[in-house]
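Input: a single structure, listed below in structure tokens.
Here is how names work: the chains are called A, B, and so on, in the same order as the sequence lines, proteins then strands, and each is numbered from 1.
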Amino acid sequence: MSSYKPEEIESKWQEYWKKNKTFKTAENHDKPKYYVLDMFPYPSGSGLHVGHPEGYTATDILARYKRMNDFNVLHPIGWDAFGLPAEQYAVKTGTHPRDTTEKNINRFREQLKDLGFSYDWDREVNTTDPDYYKWTQWIFLKLFDKGLAYEDDVPVNWCPELGTVLANEEVIDGKSEVGGHPVVKKPMRQWVLKITEYADRLLEGLDDLDWPESTKKMQRDWIGKSMGADIDFEIDGHNEEIRVFTTRPDTIFGATYMVLAPEHDLVDKITTEDQKDAVEEYQEEAARKSDLERTELSDEKTGVFTGAYAINPANGERVPIWVADYVLATYGTGAIMAVPGQDERDWEFAEKFDLDIIRTVEPPEDFDGKAYTGEGKAINSEFLNGLGVEEAKEKIIDWLEEHSAGKKAVNYKLRDWLFSRQRYWGEPFPIIHVDGEPKPVGEDNLPVTLPEMDDFEPTDDGNPPLAKATDWVNTEDPETGKPAKRETNTMPQWAGSCWYYLRYCSPEFQDGPVDPEEDNYWMPVDMYVGGAEHSVLHLLYARFWHKVLYDCGVVSTKEPFQRLVHQGMILGEMEFTGYQKGDDWISANIKEDYDNLERVKLDEEQVEKKGDDFVIKGTEIRVDAKAHKMSKSRGNVVNPDDIIDQYGADSMRLYEMFMGPLEQVKPWSTKDVDGVYRFLGRVWRMIINEESGELNESVSEAEPSRDQLKTLHECIQKVTNDIEDLSFNTAISAMMIFINEANKWDEHPKEILEPFIKLLSPFAPHISEELWHRLGNEETIAYADWPEFNEEYLISDTQLYPIQVNGKVRGEINVPREKAKDKEYVLSEAKAEENVKRYLDEGNLVKEIFVPEQIVNLVVK
RNA sequence: GCCCGAGUGGCGGAAUUGGUAGACGCGUCGGACUUAAAAUCCGAUUGGUAUCUAAAUGCCAGUGCCGGUUCGAGUCCGGCCUCGGGUACCA
């Protein structure tokens, strides 16, 4: 072997790492620990795409870097393997989801190994393994015991034609995505988890986490805590009250009407005979609409008067009660007091139906809008008049409490978590129903395994597929021997991914989900890398379970993921698109004026840049230049396997990191991989003689020169700092600078080469191991000591000063190191610089700026 | 609509606390090596402009747009524009 052949050295070292269990996690706890985690992959049938290795390479670099810095590193991987695609495939082809899943996992595992990631493969977990989901079920029992899991009738999307329940995204315009059959809302018995009970703690816990602010904000908004008051309005002529929640109790004197959601219980009771038909029709119409439709068709507000009136408790006014679907049944009490003067939605509704509008907060003089929602003094509000919004809120709440008409209240957008799915390929609930009551099966009877089946379709009456496994469903209560029926719903895919990071700490532990000693050592996760699409759901659900487990004494930390980073999406290659109508080209800036334009993909050679836009070469016709999200339908998906075949895994890893900052969205460009590949070739040839295959003659035991040490230590400093900052792209460029410099040397002392190879090894581990061994080292480079930089070598003999005149650089001077901070010396040298002198001669020097070791600026007038 | 994030060469991107804008890489052009090609190596590469030409050295403009602060602004402040992402009647 002589030239750089990644295909040979990469499989060689992957084999070596496997055989020697190089990356097996240390059993001892006597070093500082570092837990670096990738988000749990779903092993899909299409295999890895280039987005996966982006985050995985970043974490692998950190894992390898920390090992070399003498940390015990936990760097595991596993499979979030339950889920709908394998089940749908089973319905279509009869292949058992277990077989599909196993096949997909094997493919993923091979692909990850081909990339040379340093996972501890002995800790691999799989959510579909009964030994794993035993503990998922165990955690569910804890939730059940604590009263955090309950059954409820929840409206779901039921499609009678298909005989199945559909997820929200499977329903389009009230019809099934598949087949276009009508879908109705149907209440069904479902398991629900009381995540709302943890709302405040989930909110508070965010404060101390090192997460992107935007992600924390999304979680806060999702939880949506708002402070206000519950207020009761009596209904004129009925012995009933309407309770509303409002964040603006201070505006109560402007409450000129009330609105009930169409589903509100009181609607039927209070509607007058005259209005009955209209109200019922409206309710039916609302029921037919899906949630999506209701919000999508929100341009125009709709509603009907019930004929009934309520009494405003603050001033005794009679106000009409309406029904409208802009009030949601599921938030607050499903009823509002409408205050058009201070609420845009209410204003719009009041305007349309000609209802009274009273301002109760004085808008600023220049205000010309409709509803005024800002700060101001209360008006038209009797005893609140003159108060600011906050004072008025406090005062009216006191008043309402005194008069037993209301009280301070808190509301959350967060709802309880619908936790059951009508599917086969998920964790069975460890629950049996005895005499119609749910009962846990008891820890000793875990796991409750999935029954063997070959028909995965739901039953005709909408029961989940598991209902068909009658032998499995019909069982007896192990305690009493009474006949019992097993729960036939399964858990959603989120369940397994809510706690997998704990299982990695002790995958073999038999007495609980996690060994307390291992939990105590490894948790929390120090670095968690994954896509921003999981900002809310996965991360919120996992935090919820973690807090429950904390309360149960199972884990020792309050939060699971101390630091979180989202890798940015990798887009497809940049595409140029021209637009044609017949044979005529249409400029992209006016394409909206035409229908049915033909899109034509153009080659890079066919276009050029003109001003801020790209045009067809030699014309003024603009084209669109854009990188799109990778998708099968667009045909711009890059397969990592092809890149590895062509360039090797080291180049693939290097390119993914070199493209740009980790967290940024970046377009892929296969030809750019050439750059990092050539870099690795240069590293190779610096050390290996391509003709002989031996070490180059320039590789020597000689003492390194001062210049060589400077080049090396600049590189060490930059690479070390950049890894700490996750600036992998600039770390790689620093190593390129080193190579460009080192290639000019006649001699390459090992004392320089070896530290450099260490710097390279977390990024490109295969070539680094190979060169490390060729330089005469026996042990793997994976645990070699990370090089330390020595400030002493970084100092150069001279200091360069750019000289500015009026802020513009007019020359530069080099001064000896010992004079570098000598203001007078530097300034006199600066003024003597030839080009600078010309400017000084033209005017009067009025000011001298001297920034030591940086810059000189002379102000001339 | 609201909330985030981002606008820098032909392209991806660099640029500590404000201190030489364009590092590094791709592409392009030129050269070396070669019978030739590939590979490799060397040089040039923001635009405009001046000194007869070249080399070399200057000058002017330039980090989405307009304005401000400062000796000095890609970086800070005010006002816009465009693109990307999230969210959607949550009272």
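- Between A:Met569 atom CE and B:rG86 atom P there is a gap of 8 Å when expressed in whole angstrom units.
- Between the side chain of A:Asp672 and the base of B:rC26, no donor-acceptor pair of N or O atoms lies under 3.5 Å.
- Where RNA chain B pairs in unbroken runs of 3 or more (Watson-Crick or G-U, both distances under 3.5 Å), the stems are B:1-7 with B:81-87, B:10-12 with B:24-26, B:27-32 with B:40-45, B:46-51 with B:56-61, B:64-68 with B:76-80.
- Syn is the conformation of B:rG9, whose glycosidic angle sits no further than 90° from 0.
- For the C1' atoms, the distance linking B:rU63 with B:rG18 amounts to 15 Å, nearest Å.
- Residue A:Ser226 is classed as a sugar-phosphate contact, given heavy-atom separations below 4.0 Å to backbone atoms only.
- With respect to A:Lys301 and A:Glu348, a salt bridge is recorded, a charged nitrogen being found less than 4.0 Å from a carboxylate O.
- In this structure, A:Asn835 reaches the sugar-phosphate backbone alone: every heavy-atom distance under 4.0 Å involves primed, P, OP1 or OP2 atoms, never a base.
- Heavy-atom contacts from other residues, nucleotides or ligands closer than 6.0 Å to CH2 of A:Trp745 number more than 12.
- Heavy-atom distances to RNA chain B give each of A:Thr246 and A:Lys718 a nearest nucleotide, and the one nearer the 5′ end belongs to A:Lys718.
- The residues A:Glu54 and A:Arg653 are annotated as not salt-bridged, no charged nitrogen and carboxylate oxygen being separated by less than 4.0 angstrom.
- Mapping A:Lys225 and A:Pro667 onto RNA chain B by nearest heavy atom places A:Pro667 at the nucleotide closer to the 5' end.
- Rounded to an integer number of Å, the gap from A:Ile739 CD1 to B:rA23 C1' is 17 Å.
- Here the separation of B:rC80 from B:rU87, taken at their P atoms, is 27 Å to the nearest Å.
- Across B:rG7 and B:rA14, the matching C1' atoms stand 16 Å from one another, rounded to whole Å.
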(request) For side chain to side chain donor-acceptor pair (under 3.5 Å), just list the numbers for A:Glu573 and A:Thr670, CA-CA rounded to whole Å, side-chain angles, deciding distance to a tenth of an Å, and then say yes or no. (result) CA-CA 8 Å; A:Glu573 300 246 6; A:Thr670 297; 3.3 Å; yes
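- Nearest heavy atoms, A:Pro249 versus A:Met337: CA-CE, 4.4 Å.
- Using a 30° and 60° split on the angle between ring planes, A:Phe353 and A:Trp322 fall in the tilted class, from 30° to 60°.
- Atom P of B:rA21 sits at a distance of 39 Å from the matching atom of B:rC2, rounded to the whole Å.
- A distance of about 23 Å separates the C1' atoms of B:rU17 and B:rG13, rounded to the whole Å.
- A:Trp668 and A:Tyr655 have perpendicular rings, their planes meeting at more than 60° on a 0 to 90° scale where under 30° would count as parallel.
- The P atoms of B:rC66 and B:rA61 are separated by 14 Å, rounded to the nearest whole Å.
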